[in-house]
Amino acid sequence: MVRSAILGTGSYLPKKRVSNKELEEIVDTSDEWIKTRTGIEARHIISDGETNSVLAQKAAEMAIEMAGISPEDLDLVIAATLTPDMPMPSVACLVQDAIGAKNAGAFDLYATCSGFLYGLTVADGLIRADISKKILVIGSETLSRRVNWKDRTTCVLFGDGAGAVVLGASSENNRGIMSACLHSDGSLGGLLTIRGLGTRHDLKKTLENEWQYIEMNGREVFKHATRALEAVSIEAIEAAGWADASMIDLFIPHQANIRIIEHMRERLGISRERVFINIDKYGNTSAASIPIALDEANRKGRLFPGARVLMSAFGGGFTWASVAMRW
Ligand code: COA
């Protein structure tokens, strides 16, 4: 049976780091409030010249190098993002050109913070159906351009960054993606939204109303995220044929809030040492959060052949997803 396995990982963060203390000078907040409510201590933010596709390119090059392949071996580039450089061309096409993936198709995938797991699931299906052989899946975001830096309820939460993996076929029975579960509930979309900058409202109206920025009902999102993440994680564990969460060697949750992660960990019964956390350093990097964490875990030696890995994410839309794999 052909499964798809991760052959290489990469990640890249913008150079500029903004601490909670620095945010105290911009909005009415405190290091103490941000740390205790979210677990975030700092985030990285793009500077002039850095764009979503530049971050994505750097992460992609690292993943390709680790996979030991040439960019020309790729037959598809999928970039999960909600903050592309521009509506057209896509981030995936910009990266395809920048890395010289001459034989690859390319498209962006829009599923907010769950985007990387949606991308991984699509890529897994294409590989198992023998339509593609090697796919670059990227999660890349520059949400610093979409938060209102006057709104303390959102600007402290998000950061920029990119992560990428190369996915390819594996004939080893105990390696690769074992299950993938995708969900959505569009009826709750208004609880976490960027109303403007699409085609519904004209630009003048958008700017007058400040609809170019993220708006969020934090408490409601928190409530739905905790419930959905627990359920989808259990679903993916069962679909993988694992007895329960105690079989997981490393849990890589979307890094949105340490309290959401802690809640999930307790409900699923996973010990602290088996949860990968880096929200303190980067904040919520949306679609980039899981591939960045995966790359860090990989480079730190936290993943060993055969390790059972569970990844779960939740985001605007709402969308949520979970992927279980053997490393
Ligand atoms: N600094 C200081 N005070 C702040 C603040 C900040 N950055 N942001 C909000 N506050 C204040 C609020 O104004 C409120 O004050 P009030 O009681 O005087 O009205 C108080 O803190 C509590 O606000 P509340 O929104 O109830 O806090 P909370 O405990 O729910 O934490 C979030 C807020 C956003 C951290 C939390 O709801 C959350 O993480 N939600 C999920 C968000 C998420 O994950 N989104 C992305 C999904 S991918």
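Counting starts at 1 for both ligands and their atoms, in listed order.
Atom numbering of ligand 1 starts at 1 in the shown order; those under 4.0 Å from a heavy atom of Val221 are 43 (C), 45 (N), 47 (C). Close contacts of ligand 1 with Thr153, meaning ligand atoms under 4.0 Å from a residue heavy atom, involve 8 (N), 9 (C). Close approach of ligand 1 to Cys113 is summarised as follows: ligand atoms under 4.0 Å from at least one heavy atom of the residue are 48 (S). Heavy-atom contacts of Phe314 reach the following atoms of ligand 1: 48 (S) (cutoff under 4.0 Å). The distance from ligand 1 to the heavy atoms of Val156 drops below 4.0 Å at these ligand atoms: 7 (N).
In terms of protein heavy-atom proximity, atom 7 (N) of ligand 1 is closest to Arg152 O, 2.9 Å. For atom 45 (N) of ligand 1, the nearest non-hydrogen atom of the protein is Met216 SD, 3.2 Å. Shortest contact from atom 22 (C) of ligand 1 to any protein heavy atom: Arg37 NH1, 3.6 Å. Atom 8 (N) of ligand 1 has as its closest protein heavy atom Trp33 CH2, 3.3 Å. Nearest protein heavy-atom neighbour of atom 44 (O) of ligand 1: Ala256 CB, 3.4 Å. When hydrogens are left out, the protein atom nearest atom 38 (C) of ligand 1 is Asn257 ND2, 3.6 Å; that is the closest non-hydrogen contact.
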TODO: Assess whether ring pair (Phe, Tyr, Trp, His ring centres under 6.0 Å) is satisfied between His254 and Phe314, documenting all intermediate values.
DONE: CA-CA 7 Å; His254 171 46; Phe314 181 92; 8.6 Å; no
TODO: Starting from the C-alpha separation in whole Å, work towards a yes-or-no answer on side-chain contact (heavy atoms from CB on, under 4.5 Å) for Trp327 and Ile6.
DONE: CA-CA 7 Å; Trp327 195 252; Ile6 290 178; 3.7 Å; yes
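Of the N or O atoms in Ser30, none lie within a sub-3.5 Å distance of an N or O in ligand 1. Geometrically, ligand 1 and Arg259 share a nitrogen or oxygen pair separated by less than 3.5 Å. Geometrically, ligand 1 and Thr38 share no nitrogen or oxygen pair separated by less than 3.5 Å. Considering backbone and side-chain atoms together, His254 places no N or O closer than 3.5 Å to any N or O of ligand 1. Residue contacts with ligand 1: Gly218 is placed with a nitrogen or oxygen under 3.5 Å of a nitrogen or oxygen of the ligand (distance criterion only).
We find that Lys205 and Glu208 are not joined by a salt bridge, their nearest charged nitrogen and carboxylate oxygen being 4.0 Å or further apart. With respect to Lys35 and Glu41, no salt bridge is recorded, no charged nitrogen being found less than 4.0 Å from a carboxylate O. Taking a cutoff of 4.0 Å between a charged side-chain nitrogen and a carboxylate oxygen, Asp28 and Arg152 qualify as a salt bridge. Looking at Arg259 and Glu262, no side-chain N of the basic residue comes within less than 4.0 Å of a carboxylate O on the acidic one, giving no salt bridge. Between Glu61 and Lys58 there is no salt bridge, since none of the side-chain N atoms of the basic residue sits less than 4.0 Å from a carboxylate O of the acidic one. Contact check on Lys150 versus Glu210 returns a salt bridge, with a Lys/Arg side-chain nitrogen under 4.0 Å from an Asp/Glu carboxylate oxygen.
Among Leu157, Asp151, Val147, the one residue that satisfies the side-chain contact (heavy atoms from CB on, under 4.5 Å) test with Ile214 is Val147.
Summarising the contacts of atom 1 (N) of ligand 1 with Thr154, Asn20, Thr29, the nearest heavy atom is found in Thr29. The heavy atom nearest to atom 26 (O) of ligand 1, considering only Gln255, Glu220, Arg219, is found in Arg219.
There is a protein heavy atom closer than 4.0 angstrom to atom 28 (P) of ligand 1. In this structure, atom 35 (C) of ligand 1 has a protein heavy-atom contact shorter than 4.0 Å. Protein heavy atoms are absent from the space less than 4.0 angstrom from atom 18 (O) of ligand 1. Not a single protein heavy atom sits closer than 4.0 Å to atom 14 (C) of ligand 1.
More than 12 heavy-atom neighbours from other residues, nucleotides or ligands sit within 6.0 angstrom of CD on Glu22.
Between the CG atom of Asn284 and the SG atom of Cys113 there is a distance of 4.5 Å, given to the nearest 0.5 Å.
The proximity of Asn284 to ligand 1, defined as any non-hydrogen pair under 4.0 Å, is limited to the side chain.
Side-chain contact, Asn52 with Glu141: no donor N or O sits under 3.5 Å from an acceptor N or O.
Heavy atoms only, all atoms of each residue included: Ile138 and Ala56 are closest at CG2-CB, 3.8 Å.
The aromatic rings of Trp320 and His183 sit parallel to each other, their planes meeting at less than 30°, with 60° as the upper class boundary.
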